[in-house]
Each structure stands twice: as C-alpha cells, then as structure tokens.
Amino acid sequence: MTENAINTENLSRNFGKGQAVDNLCLQVPRGIVFGFLGANGSGKTTTIRLLLGLLEPSQGRAQVLGYDTKNQANSIRRRTGALLEHPGLYERLSAVDNLEFYGRAWRLPTQQRRSRIKELLNNLGLWERRNESVGTWSRGMKQRLAVARAMLHHPPLIFLDEPTAGLDPVAAVALREELQAMVKREGVTVFLTTHNLGEAEKLCQLLAVIRQGKLIAVGNPHELRAKASVPRIEVVGSGFTPKVQSYLQSQPGVAEVKIAGEVLTINLHQPTSAAPLVDFLVSEGVQIEEVRKGSASLEEVFLTLMGANTSLVT
C-alpha cells in the first residue's frame with residue numbers, strides 16, 4: 001500500500017492545440033481532505049477524469065491507491081466514489097430505491113447493503129424522508145443523497161467536484177458540516193474541487209491551486225497565506241486624513257496604504273512592529289479602536305495567484 005492516495009508525474013492532457021493539464025506533479029496523502037482550487041477552465045475536472053482513468057493522458061503518469069490509471073483504471077473505479085457534474089440520481093425513485101439500485105450494482109450483500117443505506121441516510125439527515133421521490137427534493141437534499149451514493153461501497157477515496165455549487169448558503173453550510181463529520185467518521189481521503197474559498201479553508205488540510213493547467217501553489221491554508229500574501233496592519237478607528245495616508249505611504253517597509261471607511265490597512269514588505277505607526281496615528285489625533293496584525297485572506301491569496309506569474313509549488 002502506497003503512502004499517498006494519489007501520485008502524479010508530469011501528468012498532461014491536450015485537447016487539440018489546447019493544454020488542459022500541463023505537467024502536473026501532485027501527491028495527495030491518505031486520510032485527508034485535499035482541496036483542488038482553480039478558476040473555471042483551469043483543468044480541475046479534466047484532472048479528476050484522468051485520475052479515474054476516464055481520459056488517457058497525453059504524457060506523464062498517475063497512480064491512484066497504488067493503481068496505474070492507464071492499465072488499472074477498473075481497479076481504481078471499483079475502489080473510489082465520485083460526485084462529478086451530475087448527481088447520478090433517478091428522480092422518479094425514492095432515496096432508498098436509488099441507493100438500493102447502486103448497492104446492487106456494487107454487489108453489496110443484502111444485509112450489508114440495507115445496513116449501509118440506513119447508516120448513510122441517518123448520518124446525512126435523510127432517513128425520515130427515505131421513501132419520498134427524489135424529484136420532489138431540494139437541490140441541497142439531492143446533493144446529500146449523491147454524497148451517500150458516492151460513499152455507499154466504503155471507498156477509501158472519493159472525488160467531489162464542486163459539491164456545493166448552486167446551493168443556497170444554508171444548504172451549502174449544512175452539506176459541508178455533514179460531509180466534514182462523515183469524512184472524520186469514515187476515515188476516507190477526499191479530493192475536493194471548489195470555488196468556495198471559505199469552504200476550502202474549513203474542510204481541507206492541504207490545498208493545491210491550478211491555473212491554465214499548471215500547478216502554481218501547494219500547501220495548507222496557513223502556508224498559502226504566508227507564501228502568497230504580504231503582512232499587514234489593520235487599524236479600526238476614525239480621523240484617517242490624506243496627510244496620515246501620505247505619511248504612512250512614504251515610510252520604509254510600507255507597500256500600500258488603503259482607507260475604507262473606518263478601517264486603515266497598511267500592507268508591508270515584511271513583518272514589522274506596529275508601535276511606531278500607531279504612535280504616529282495617535283499624534284495626528286486618530287481615534288483608534290482596534291489594531292490587528294495579520295495577512296491576506298485565502299480568497300485574496302487565490303485572486304493574487306490567479307494573476308501572478310510566480311509559482312509557489314514546493
């Protein structure tokens with residue numbers, strides 16, 4: 001058994017003259033939620049299809065759960081679950097009948113199949129509505145059932161492609177919380193693509209960012225913020241005048257000064273003490289309520305990476 005759930009070496013896929021995935025080198029450890037981030041058209045879904053053996057690479061190779069995607073794709077698909085663009089549900093059937101169908105397809109023994117269906121529907125808050133036609137359900141409920149479908153046969157690895165896309169905020173939070181609890185309970189590895197940076201930060205132990213098919217950053221959320229963002233000082237208060245902004249902007253080590261309402265943001269070239277800057281603000285009559293030191297949010301880091309030319313792959 002390999003240490004990593006996924007290993008890729010220079011994995012590439014061309015469509016005509018376009019390069020959808022470009023020399024992707026990636027390692028996904030077992031037992032974590034791995035976030036794969038990128039804008040639309042960056043190569044996320046193509047990567048999943050390559051890892052499942054649904055597409056052949058133009059060059060390079062990949063192993064999933066120790067199996068080669070080129071000649072052992074059936075072994076990979078038997079041992080993984082996937083929720084891709086479509087939930088894969090039969091809307092005229094009930095929740096139980098949907099999972100019964102897939103359980104039979106996976107050749108789960110009757111007792112095991114029925115026990116597993118009850119367990120998953122209970123864990124996802126769907127058991128009380130198990131006999132309703134899925135077509136009458138909300139999108140959020142259908143997505144929860146689709147997650148149950150993907151996990152029905154106890155796969156050690158599941159692929160979730162934008163599982164909360166199109167959900168309202170309440171449904172998205174509910175699905176995220178239930179998914180987080182289930183991942184912990186089941187001990188599976190999750191390969192998750194998402195546009196929701198808050199979701200990625202809450203769910204994922206490791207993140208990778210892909211842009212135009214190229215891997216440009218890998219790390220945990222804290223590492224990505226540290227690598228891709230500048231340190232900053234935020235001052236909450238009032239009395240921020242143009243003179244104050246101009247003076248701060250002229251100081252060594254200060255990259256940028258922005259004022260937005262009652263918040264003054266000082267972006268720095270490198271970490272430094274806030275005390276001299278705060279002393280100056282006080283001397284200028286600024287009314288200070290709070291001083292915060294930190295770095296950019298993951299969303300700001302992501303936007304920076306999408307427009308950056310440098311790679312933060314380590």
Side-chain angles (χ1 to χ4, degrees), residues 1-86 88 106 150-151 153-163 183 187-194 200 204-220 223-224 227 305-306 308-314:
M1 181 176 290
T2 60
E3 180 181 352
N4 294 322
I6 296 171
N7 288 290
T8 73
E9 298 176 14
N10 301 315
L11 188 66
S12 301
R13 174 67 192 199
N14 303 329
F15 292 104
K17 295 183 179 179
Q19 189 93 345
V21 177
D22 189 357
N23 288 299
L24 182 67
C25 295
L26 197 62
Q27 293 80 43
V28 178
R30 292 176 183 262
I32 70 165
V33 181
F34 176 85
F36 200 49
L37 310 180
N40 284 333
S42 59
K44 302 189 302 298
T45 300
T46 300
T47 299
I48 288 180
R49 292 186 174 279
L50 287 167
L51 294 175
L52 287 170
L54 299 173
L55 289 173
E56 284 206 9
S58 302
Q59 66 179 45
R61 63 190 296 267
Q63 280 193 332
V64 177
L65 300 174
Y67 297 95
D68 189 272
T69 60
K70 283 186 179 179
N71 49 42
Q72 297 174 302
N74 286 335
S75 296
I76 292 171
R77 291 193 289 270
R78 281 197 298 269
R79 292 165 175 81
T80 56
L83 171 53
L84 304 182
E85 298 98 322
H86 304 290
W106 286 113
M151 299 187 71
H153 54 301
H154 290 284
L157 169 65
I158 61 173
F159 292 91
L160 301 177
D161 193 8
E162 303 282 354
V183 166
V188 300
T189 305
V190 177
F191 189 101
L192 171 76
T193 74
T194 180
C204 302
Q205 288 81 55
L206 186 65
L207 298 169
V209 181
I210 186 173
R211 187 186 68 213
Q212 296 177 347
K214 290 182 176 290
L215 188 67
I216 60 171
V218 178
N220 64 45
E223 289 170 339
L224 289 189
K227 290 177 182 178
L305 290 172
M306 287 300 98
N309 294 317
T310 56
S311 172
L312 295 176
V313 180
T314 57

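Values below: all heavy atoms of this structure, side chains included; hydrogens, waters and symmetry mates excluded. What you see is a predicted model; the values in this text were computed from it and never measured.
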If you compare all heavy atoms of [X] against all heavy atoms of [Y], which two are closest, and at what distance to 0.1 Å?
{"X": "L84", "Y": "L52", "answer": "CD1-CD1, 4.3 Å"}
{"X": "P156", "Y": "R79", "answer": "CD-O, 2.9 Å"}
{"X": "V64", "Y": "L51", "answer": "CG2-O, 3.4 Å"}
{"X": "A150", "Y": "P155", "answer": "O-CG, 3.4 Å"}
{"X": "N23", "Y": "S12", "answer": "N-OG, 2.8 Å"}
{"X": "A208", "Y": "L26", "answer": "CB-CD1, 4.1 Å"}

Point-to-point distance, once rounded to the nearest 0.5 Å, from [atom1] of [X] to [atom2] of [Y]:
{"X": "I6", "Y": "T47", "atom1": "CD1", "atom2": "OG1", "answer": "10.0 Å"}
{"X": "D22", "Y": "R13", "atom1": "CG", "atom2": "CZ", "answer": "14.0 Å"}
{"X": "I210", "Y": "L24", "atom1": "CD1", "atom2": "CG", "answer": "5.5 Å"}
{"X": "I76", "Y": "L157", "atom1": "CD1", "atom2": "CG", "answer": "9.5 Å"}
{"X": "L83", "Y": "T193", "atom1": "CG", "atom2": "OG1", "answer": "9.5 Å"}
{"X": "L215", "Y": "F36", "atom1": "CG", "atom2": "CZ", "answer": "6.5 Å"}

Open item on the list: Counting only heavy atoms from other residues, nucleotides and ligands, does the tally under 6.0 Å from CD of E162 exceed 12?
Closed with: yes
Open item on the list: Restricting to ring-ring contact (aromatic ring centres under 6.0 Å, His included), what partner residues turn up for F159, sequence neighbours left out?
Closed with: F191
Using only atom types and a distance under 3.5 Å, with no angle test, would you say the side chain of [X] pairs donor to acceptor with the backbone of [Y]?
{"X": "S42", "Y": "A39", "answer": "yes"}
{"X": "E9", "Y": "G60", "answer": "no"}
{"X": "T189", "Y": "G31", "answer": "yes"}

Task: Qualifying salt bridge (Lys or Arg N to Asp or Glu O under 4.0 Å) pairs with a residue from residues 41-57, counting only residues at least two apart or across chains - done: R49-E85
TODO: Provide the full list of salt bridge (Lys or Arg N to Asp or Glu O under 4.0 Å) pairs with a residue in residues 68-78, sequence neighbours left out, each pair given once.
DONE: R61-D68
Task: Criterion side chain to side chain contact (heavy atoms under 4.5 Å, CB included) against L50, the qualifying member of T45, T8, L11, T69 - done: L11
